[in-house]
Novice: 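First the structure, which I've put down as structure tokens, then a few questions once you've had a look.
Labels below follow one simple rule: chain letters A, B, ... track the order of the sequence lines, proteins then strands, and each chain is numbered from 1.
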2 protein chains.
Amino acid sequence: MSPDHNSTRHDRDGVARAALALLDEVGLADLSMRRIASRLDVQPSALYWHFSSKQELLAELADRITSTIPSDAADVLTTARSIRDALFTYRDGAELVLSTYALQLGSSHAQAALERSLRRQGSADAEERAVALLHFVLGHATLVQQRMHADSHGALPAGEAVDVTSGLDRIFDLGVTGLAAGTVDDGISERQLRS
Amino acid sequence: MSPDHNSTRHDRDGVARAALALLDEVGLADLSMRRIASRLDVQPSALYWHFSSKQELLAELADRITSTIPSDAADVLTTARSIRDALFTYRDGAELVLSTYALQLGSSHAQAALERSLRRQGSADAEERAVALLHFVLGHATLVQQRMHADSHGALPAGEAVDVTSGLDRIFDLGVTGLAAGTVDDGISERQLRS
DNA sequence: ACCTGAACACCGTTCAAGT
DNA sequence: ACCTGAACACCGTTCAAGT
């Protein structure tokens, strides 16, 4: 029996872990305080001892999702991919981080990682490019993840279908390398794009 | 007295117009079917004669927001700006279009406009670049709009503040020109960026 | 330190019935 | 063609009170 849904008492970490697991099962739209409470065998009001609002809980989940992004700078494409993959780790992870991100000012973990990679590659305007890159990655990942979910539920109009996510990796790489341009070694990104 | 909130009967267009006006007043989070109904002096259930679900109503609003985007191709930067400005016309317009967009497959109005502009500029991979550009514009506009709203309500931690949206225009232009690269005349976009 | 119980002010949606 | 009235199964949040 998992310790997550018996009648022991909980701390902030336990609540966050249960909420993150539930997010992956039901998605952001169905992640209610009442459902999280029910998963923990607790009344909904109990959650408000650990978090002052649902928004604060969601911000904590967004922090946990992005916390796995490596801080040591690899090249820009690798960094961008690791951000995207972190967002993909949990269902609706991209949408959650996107809608939470605006409340932090400037320096998120992901943005800082991108900025370091850009500087290492000798990019001009590294800070502004990092912001643009982050906006692209968040927008792209959110759209792709929504589409994945819509596909799996047959909610899309029938058609060519099949490889809906097929060209998306290429679009992602094309976008990242375009936004990372203005660096010393453009040639590398161009070469990687053809792999 | 406006014809929008008396007791006359309504059609699909009238409901959509009222909902769009209400969106601009209260924002997406507070745009409920019950509020829209109340604005129209009608029971909530009445809305379901015109739209089969809230999701369908929101999709209609997203279509109306993006319908003002010019179809005739200007240069890529101008097209991208007109998409962004259409999203900015209504409160939370970017978020609404972003969350609605995944359900359409491929060819949205905005994407088609970007693709035409790219082809006209002689871009390689015009279709894929158009998708990447659209993802950037939607991500960027959503983040900026959220920040604008958070700022106006003092929901952000105090700090440097003042010109929060100041550098964002530059980031937008930098992102668009980067993603439009690979065209015949790169020089033009570089020159525009310095203006 | 952590939780219950009850309440408040909301949601989206369905459906028979009215005009 | 368009709407009412009532109901169903939900929401987030607050707060006194319990242990």
Novice: Do B/R84's NZ or CZ and the ring of B/F172 fall within the cation-pi criteria of under 6.0 Å and 45°?
Specialist: yes
Novice: Report the residue from B/M33, B/H10, B/K54, B/R34 that forms a side-chain contact (heavy atoms from CB on, under 4.5 Å) with B/L47.
Specialist: B/M33
Novice: Measure from the side chain of B/R35, starting at C-beta and using heavy atoms only, and say which of C/dC11, C/dT4, D/dG12 lies closest.
Specialist: C/dC11
Novice: Rounded off to whole Å, could you give me the CZ-to-P distance for the A/F51 and D/dT14 pair?
Specialist: 15 Å
Novice: When the P atoms of D/dA9 and C/dA9 are considered, how many whole Å apart are they?
Specialist: 23 Å
Novice: What's the CG-P distance between B/D30 and D/dT13, to the nearest Å?
Specialist: 12 Å
Novice: Using 4.0 Å as the upper bound for N to carboxylate O, is an ion pair formed by B/D75 and B/R120?
Specialist: no
Novice: Separation of B/D11 atom CG from D/dC2 atom P, in whole Å?
Specialist: 7 Å
Novice: Checking only heavy atoms, does the side chain of B/S32 share a donor-acceptor pair with the base of C/dG12 at less than 3.5 Å?
Specialist: no
Novice: Within this structure, what is the OH-to-C1' distance between B/Y48 and D/dA1, rounded to whole angstrom?
Specialist: 19 Å
Novice: For the pair made of CZ in A/R9 and P in C/dA1, what is the distance, rounded to whole Å?
Specialist: 11 Å
Novice: Only pairs with both distances under 3.5 Å count, Watson-Crick or wobble alike; so what is the partner of C/dA1 in this structure?
Specialist: D/dT19
Novice: For A/S53, answer base if it contacts any base atom (sugar-phosphate contacts may also be present), sugar-phosphate if it contacts only those atoms, and nothing otherwise; contact means non-hydrogen atoms under 4.0 Å.
Specialist: sugar-phosphate
Novice: Think A/H10 has a side-chain N or O under 4.0 angstrom from the OP1 or OP2 of C/dA1?
Specialist: no
Novice: Tell me the interatomic distance from B/W49, atom CH2, to C/dG12, atom P, rounded to whole angstroms.
Specialist: 21 Å
Novice: Less than 4.0 angstrom from a charged side-chain N to a carboxylate O is my criterion; do B/R12 and B/E56 meet it?
Specialist: yes
Novice: Mapping A/A46 and A/R34 to their closest nucleotides on DNA chain D, which lands nearer the 5' end?
Specialist: A/R34
Novice: What is the distance, to the nearest angstrom, from the CD1 atom on B/I36 to the C1' atom on C/dC11?
Specialist: 12 Å
Novice: Suppose we define a pair by two distances each less than 3.5 Å, Watson-Crick or G-U wobble; what does C/dT13 pair with here?
Specialist: D/dA7
Novice: For A/E115, is there an ion pair with A/R129 - N to carboxylate O distance below 4.0 angstrom?
Specialist: no
Novice: Quick one: A/L31 CG to D/dC11 P, roughly how many Å, whole number?
Specialist: 10 Å
Novice: Taking the same atom, C1', in D/dC8 and in C/dC11, what whole-Å distance lies between them?
Specialist: 12 Å
Novice: D/dA17 and C/dC2: how far apart are their P atoms, nearest whole angstrom?
Specialist: 22 Å
